[in-house]
Undergrad: 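My structure is below; once you've seen it, I'll send some questions.
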Amino acid sequence: MASYDFKEIEQRWQRTWADQGMYRVPNPGDEGFDPSKPKMYILDMFPYPSGAGLHVGHPLGYIGTDIFSRYHRMRGANVLHPMAFDAFGLPAEQYAVETGVHPRITTDRNLENYTRQLKAFGFSYDWDRSFATTDPDYYKWTQWIFLKLFDSWFDVDLQTARPIPDLVAEMEAGEKDADGVAWHNLAPADRATYLDSQRLAYIDEVAVNWCPALGTVLANEEVTAEGRSERGNHPVYQRPLRQWMLRITAYADRLLDDLETVDWPLSVKTMQRNWIGRSEGAHIVFEVEGHGQLKVFTTRPDTVFGATYMVLAPEHPIVDEITTDSWPEGTKPSWTLGIDDPATAIEAYRLAASRKSELERQIEERDKTGVFTGAFAVNPLNGEDIPIFVADYVLMGYGTGAIMAVPGQDERDWEFAEAFDLPIVRTVQPPPDFTGDAYTGEGPAMNSGFLDGLDINDAKSKTIAWLELNGAGAGTINYKLRDWLFSRQRYWGEPIPILHGPNGELRAVPLDELPLRLPEIDDYSPNVSDDENADPTPLLVKAEDDWKYVDIDGVTYTRELNTMPQWAGSCWYYLRYLDPNNEAELVSEEAERYWMGDDGVDLYVGGVEHAVLHLLYARFWHKVLNDLGFVGTAEPFGRLFPQGYILADAFADSRGVYVPADEVVEAGGEFTYNGEVVTRHYGKMGKSLKNSVNPDDIFDEYGVDTLRLFEMFMGPLDTSRPWSTRDIVGVHRFLQRLWRNFVDEETGEIMVSDEPSQGDLNVLLHRTIESVTTDMENLHFNTAVARLFELNNALVAEPLVPADIASVFPRLLAPLAPHIAEELWQRLGKEESVVVAPWPVYDEELTAVDMVTMVVQVNGRVRDRIEVPVGITQEQAVTLALASERVQAHTGGADPRKVIAKLPNVVSLVV
RNA sequence: GCCGGGAUGGCGGAAUGGUAGACGCGGUGGACUCAAAAUCCACUGAGCGCAAGCUCGUGGGGGUUCAAGUCCCCCUCCCGGUACCA
């Protein structure tokens, strides 16, 4: 049998490659390592192995990186192309709770299934470097990094993380003090408290996102704009809690600045910049009669003369203190909610504000509401008394939770001032034709005393200088970025290796006791609740006492019972691949320096949904490790390439519930499921839309090579594209045609000539090498496939495949469809695998052709096409063009007024 | 609202300012076959024309240019992100 038996071929080569360890790559110092080759680190975002298994959308990026890896292997690089699994986290735990099976068991089962599916794609991973983040040998080092964070502080002067003992030394030497208090004046307990407050991993009481339905708190990055959990879409409540925090804000500027140094798409850089949210401006201090000072942040210090009132967030701690006993004279009825005393009015307002969070937040036009506190502050620039309001358009989580309101230059303040009948003063002169309300544009200052006439920038710096001189404020920079909330109350995560002493002292678990293993417990279901006032309780309270309590020198310590968030394990996995079995170090310096080189990972492909979560967290950890000397680059991922998604039709019934898309039938323009009419939607392929296509089914019918080619041929790697099973036959036909071109299906003999290709076919061959090579470099796999189609089609007319094409074609195809490429390569009698065969080179003399089609245009319209030699002179070209009958029909035989020639492609005549 | 990215045949998509629609799917016709599948050949943006050929055509409107899918201005719609961030 000599027809194209893709199943037999694919399975046989996958076995052979595995047996031969074809994709194993040695480290420096290992046997077989070749230091003369360049290194290439090609990384996928590793998957979260869910119970549903892979669908054809998941591996889109994996196919891309595999092609790129195979291409670079053939180009002679040491290619590191690994794969592992991100297996801690909520979904695994939720699934375990649903099925009543321990997450360790379900996770192992999912890992096995994912591994099988990924191997079936023929990916060239070095599986010897694989691991799961749930392996104790792995999370030992996740915990180790946490302890490094715990044992480090951020030196603002040097803008770097340093070990805590350095801080102690500088304190003892008197070079630094603890917030103004000298070290030797501090009691030992206060010293410890101070040090704890300086750590990169620290405990603080902060307003956190508490999600009772998930039974855990969440990071800001895990909460949607609507105030719901990213996972599961449950309500999230703000609530003050003592939690572990990571000091990512210390790195805000470096995370921002170093974006300039990486080759990432602008869209992802912009998302990170917006998330960090750096704003330059000033703190300004307003005196409140009898109550000290109120600090605001503003980006427009130039407009202080127009600050006609102030607004505090409803939760601002000073509100209760400054609220007066009764409304002062001049209080307008609209400022009081119609309530007689300020304290009651503010209480009522706060209640109303907290109630409306859910529904009314969605309303586009948010009417300005608020209530007067009864108190006044003094505008430091003009000495005027201005009323202080409470209003929910000011957020406690940004800046200082208080603003100076400048209605003349701020649209929100204008709306509030209109609604509450407050004075409006323009401090920037709008252009004469300006008809709007608040004016936020450029212009000279007005109504602003000593600032009048200055443009915005000069007015800003002059105001800041005045504030600093008069002790009323200072220039400052504000960030939207908050520190990273790092505690979770769930079971299925890395235990945080900290012990709590009887007096609250913190003690790191000794490094030689890592990994601190997750204890076995009987009931790992989370403490969920639909009551927002329920207390978050870490699940590990259910652990046995001999795990929870530790005696050291007669003192009983309690273990930290929170676990780490999902993102911890993925923050550094790309480093563990470099040296996965190292028991003594996270990664050896030699391996790290070699594989990370100067710019880190050479290509990182994954979904853009990680733009501000994983990619920001990982950059943060990497910078800490860099500061502490454990890694050699400032950035982990030199080049990032976000892949598109595979989309597919999805169908919902009349209740809006999705039905299995593969059981929907179309008839007469209508879609039905079990006889019921359903409506068609369109979206990302996945479990929730019930429109997944299982790759196993495609392998069965068409084979691995077909699916790989098909997914690449559908379109550019970075754009989303709709799945259409119908279209697969195209690439499958290509492979069958290729097979028939090379192999006689009757006899099974290879049909290859001893003679090389001639003429046009030879030119086509070299042009194909040229364009496929360029496409490989640029990840344009869709057009690379198209070029191979063309070469294949040209072979149909040849009784035998010319020798040079027989040698080149399997190699050009090998990165894309490795199995059939290897089979043909071996049938040609090659000794070595096509996996390590050298990438073909083209002959530039052949790609630079000698004849070309010259276009002749008359008045900008194409009127004739003439075959000409590439070296044609302008004179010859014009003579040829004018001699053309078709051209004469449009010029009327007249001489052109003007001739533009871009030889040899175009002659353009103007008559 | 703001930021980023898009809009090209029936469909997926190609096109360093220089032949728009490569390549594939689908479709039409033909060859082979008792027939079908598979395969092979031809055609396939729209309109007019017997034909040679002509006109129109890359979301819409203007502009620059001998020449615009590509560059500039304005607008519409779609996708992603973000949103009372002071």
Side-chain angles (χ1 to χ4, degrees), chain A residues 3 224-226 265-271 273-275 277-279 281 296-300 303 307 311 313 361 364-368 391-395 397-406 409-413 415-416 478-480 608-609 611-612 642 644-645 647 682 709-710 713-716 718-724 726-731 733-734 736-737 740 745 771 780 782-790 792-793 796-797 852-865 885-886 889-890 896-903 905-911:
Chain A
S3 64
T224 65
E226 288 79 34
L266 184 65
S267 57
V268 177
K269 288 187 180 185
T270 305
M271 277 189 249
R273 285 194 190 110
N274 291 343
W275 189 262
R278 179 188 153 109
S279 313
V296 305
F297 172 73
T298 178
T299 54
R300 293 293 302 273
T303 63
V311 184
R361 260 190 199 179
E364 288 262 331
E365 293 287 325
R366 277 169 280 195
D367 291 335
K368 292 290 176 290
D392 63 359
Y393 82 93
V394 172
L395 310 173
Y398 183 76
T400 63
I403 63 160
M404 62 171 200
V406 188
Q409 275 73 233
D410 185 284
E411 282 163 23
R412 297 149 304 177
D413 295 344
E415 287 169 18
F416 191 87
N478 192 60
Y479 300 90
K480 272 184 5 184
V608 73
E609 72 268 21
V612 287
Y645 299 107
L647 309 171
Y682 187 58
L709 279 175
F710 176 60
F713 189 52
M714 284 195 297
D718 56 353
T719 60
S720 295
R721 71 292 301 272
W723 177 264
S724 168
R726 186 181 71 178
D727 293 354
I728 296 178
V729 290
V731 283
R733 280 178 197 153
F734 160 75
Q736 287 182 314
R737 186 175 301 165
R740 285 194 307 271
E745 295 199 277
S771 46
H780 293 169
N782 54 331
T783 47
V785 175
R787 297 291 87 82
L788 293 176
F789 268 65
E790 287 173 323
N792 193 34
N793 289 342
V796 171
V852 68
T853 306
M854 181 181 77
V855 171
V856 184
Q857 295 183 344
V858 180
N859 290 336
R861 291 175 169 275
V862 176
R863 295 303 182 187
D864 203 0
R865 301 177 172 112
E885 279 178 31
R886 289 176 185 163
H890 291 275
R897 286 191 289 119
K898 193 174 174 188
V899 175
I900 299 116
K902 193 176 175 186
L903 297 173
N905 301 89
V906 178
V907 170
S908 187
L909 308 174
V910 184
V911 295

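Chain identifiers are assigned alphabetically (A, B, ...) following the order of the sequence lines, protein sequences preceding nucleic acid strands; residue numbering begins at 1 within each chain.
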Undergrad: Given the P atoms of B/C2 and B/G10, what is the spacing between them in whole Å?
TA: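 My reading of the P atoms in B/C2 and B/G10 gives 34 Å.
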
Undergrad: In whole angstrom, give me the gap between the P atoms of B/C40 and B/G49.
TA: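 Nearest-Å result for B/C40 against B/G49 at atom P: 36 Å.
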
Undergrad: What string of B, S and - do you get for nucleotides 51-56 of chain B, 5' to 3', when a contact is any protein heavy atom under 4.0 Å?
TA: --SSSS

Undergrad: Is A/R721 reaching over with its side chain to a backbone N or O of A/G715, donor-acceptor style, under 3.5 angstrom?
TA: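 Yes, because the side chain of A/R721 sits within donor-acceptor range (under 3.5 Å) of the backbone of A/G715.
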
Undergrad: Short question: side chain of A/N792, backbone of A/F734 - any donor-acceptor pair under 3.5 Å?
TA: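 Yes, the answer is positive, given that a donor and an acceptor are paired below the 3.5 Å cut-off.
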
Undergrad: Tell me which nucleotide, if any, is Watson-Crick or G-U wobble paired with B/C84 when both distances must be under 3.5 Å.
TA: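 Looking at the geometry, B/C84 pairs with no nucleotide.
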
Undergrad: RNA chain B: A/V796 or A/T719, which has the more 5' nearest nucleotide?
TA: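 Checking each residue's closest nucleotide, the 5'-ward one belongs to A/T719.
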
Undergrad: Would A/F789 and A/F713 count as a close aromatic pair, with their ring centres under 6.0 Å?
TA: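 A/F789 vs A/F713: aromatic centres under 6.0 Å.
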
Undergrad: More 5' along RNA chain B: A/Q736 or A/P716, using each one's nearest nucleotide?
TA: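 Residue closer to the 5' terminus by nearest nucleotide: A/P716.
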
Undergrad: Taking only the P atom of each, what is the distance from B/C25 to B/G62 in whole angstrom?
TA: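 These two P atoms come out 39 Å apart once rounded.
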
Undergrad: Go ahead and name the base partner of B/C66; Watson-Crick or wobble counts if both distances stay under 3.5 Å, otherwise write none.
TA: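 B/G18 - that is the nucleotide pairing with B/C66, both distances being under 3.5 Å.
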
Undergrad: Using the P atom on both, measure B/C84 against B/C78 and round to a whole Å.
TA: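 Rounded to whole Å, the distance is 23 Å.
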
Undergrad: With distance as the sole test, does A/D413 use its side chain to make a donor-acceptor pair with the main-chain N or O of A/V406 at under 3.5 Å?
TA: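 Yes: the side chain of A/D413 pairs with the backbone of A/V406.
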
Undergrad: Under the rule syn = chi within 90° of 0, otherwise anti, which is B/G69?
TA: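 That one's anti.
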
